[in-house]
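By convention here, the first residue in the shown sequence is residue 1. Remember, it's a predicted structure, so these values are computed and weren't measured experimentally.
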Amino acid sequence: GMIVGEGDVRAQEQQCFRNIEQILAQAGACLSDIVMLTGYLRNLDDASAYLAVRTEKFGENAPATTTVIAAPLHPSLLIEIQVVAYKPKA
């Protein structure tokens, strides 16, 4: 696919969360069902923008979070996000 927000970590993170929300919705879940989040950032300088978007998405109820500074697979990617969600059966 196309890279959204090349050079803009906030735009890339917002796209990551849109993708995650779509995947969760297909399983009958939502962002509030995320229990663990790992963010992989290309640059340490992007950490404050990353945390600001995470706070916008989760408020004070953010899941357990690990942030790793790592070079992604594609040089244009500034962020990758991995989540684990738990949705109890009804």
Side-chain angles (χ1 to χ4, degrees):
M2 293 177 48
I3 295 174
V4 173
E6 192 161 343
D8 183 347
V9 71
R10 288 181 64 88
Q12 288 187 13
E13 182 176 7
Q14 289 166 343
Q15 182 62 51
C16 286
F17 278 116
R18 282 192 292 272
N19 295 347
I20 290 166
E21 287 176 303
Q22 289 177 354
I23 293 166
L24 289 172
Q26 291 175 2
C30 60
L31 288 179
S32 64
D33 296 312
I34 294 174
V35 295
M36 186 177 77
L37 182 148
T38 304
Y40 299 91
L41 296 175
R42 184 177 183 86
N43 302 307
L44 179 59
D45 293 341
D46 290 333
S48 61
Y50 158 70
L51 292 172
V53 173
R54 187 198 67 159
T55 300
E56 289 171 15
K57 292 293 182 183
F58 296 102
E60 297 298 317
N61 298 317
T65 301
T66 301
T67 305
V68 179
I69 307 303
L73 297 175
H74 191 284
S76 295
L77 296 179
L78 301 176
I79 186 167
E80 295 181 26
I81 297 176
Q82 175 184 9
V83 299
V84 175
Y86 173 74
K87 179 73 175 174
K89 292 185 179 184

Can you list, pair by pair, the side-chain donor-acceptor contacts under 3.5 Å of residues 46-54, counting residues two or more places apart and other chains?
{"residue": "R54", "atom": "NH1", "partner": "T65", "partner atom": "OG1", "Å": "2.9"}

Results of side-chain hydrogen bond (donor to acceptor under 3.5 Å, both in side chains) for D8 - residues two or more places apart only: none
OG1 on T55 to CD on E60, rounded to 0.5 Å: 7.0 Å
Give every donor-acceptor pair under 3.5 Å between a side-chain atom in residues 16-35 and any protein atom, sequence neighbours left out.
{"residue": "R18", "atom": "NE", "partner": "Q15", "partner atom": "OE1", "Å": "3.3"}
{"residue": "R18", "atom": "NH2", "partner": "Q15", "partner atom": "OE1", "Å": "2.8"}
{"residue": "N19", "atom": "OD1", "partner": "Q15", "partner atom": "NE2", "Å": "2.8"}
{"residue": "D33", "atom": "OD2", "partner": "C30", "partner atom": "N", "Å": "2.9"}

In one Ile/Leu/Val/Met/Phe/Trp/Tyr side-chain cluster, 4.5 Å: I69, L37: yes
Table please: side-chain donor-acceptor pairs of residues 83-90 below 3.5 Å, with sequence neighbours left out.
none

Minimum heavy-atom distance T38-V68, with the two atoms named: CG2-CG2, 4.3 Å
Heavy-atom closest pair, residues G5 and A11: CA-CB, 3.8 Å
Heavy-atom check, side chain of E56 versus side chain of E13, under 4.5 Å: no
For Y40, all residues meeting ring pair (Phe, Tyr, Trp, His ring centres under 6.0 Å), sequence neighbours excluded: none
Nearest heavy-atom neighbours spanning Q12 and G7: NE2-N, 3.9 Å
Listed partners of Q14 passing side-chain hydrogen bond (donor to acceptor under 3.5 Å, both in side chains), at least two apart: none
Spatial distance of atom CE (M2) from atom OG (S76) [nearest 0.5 Å]: 11.5 Å
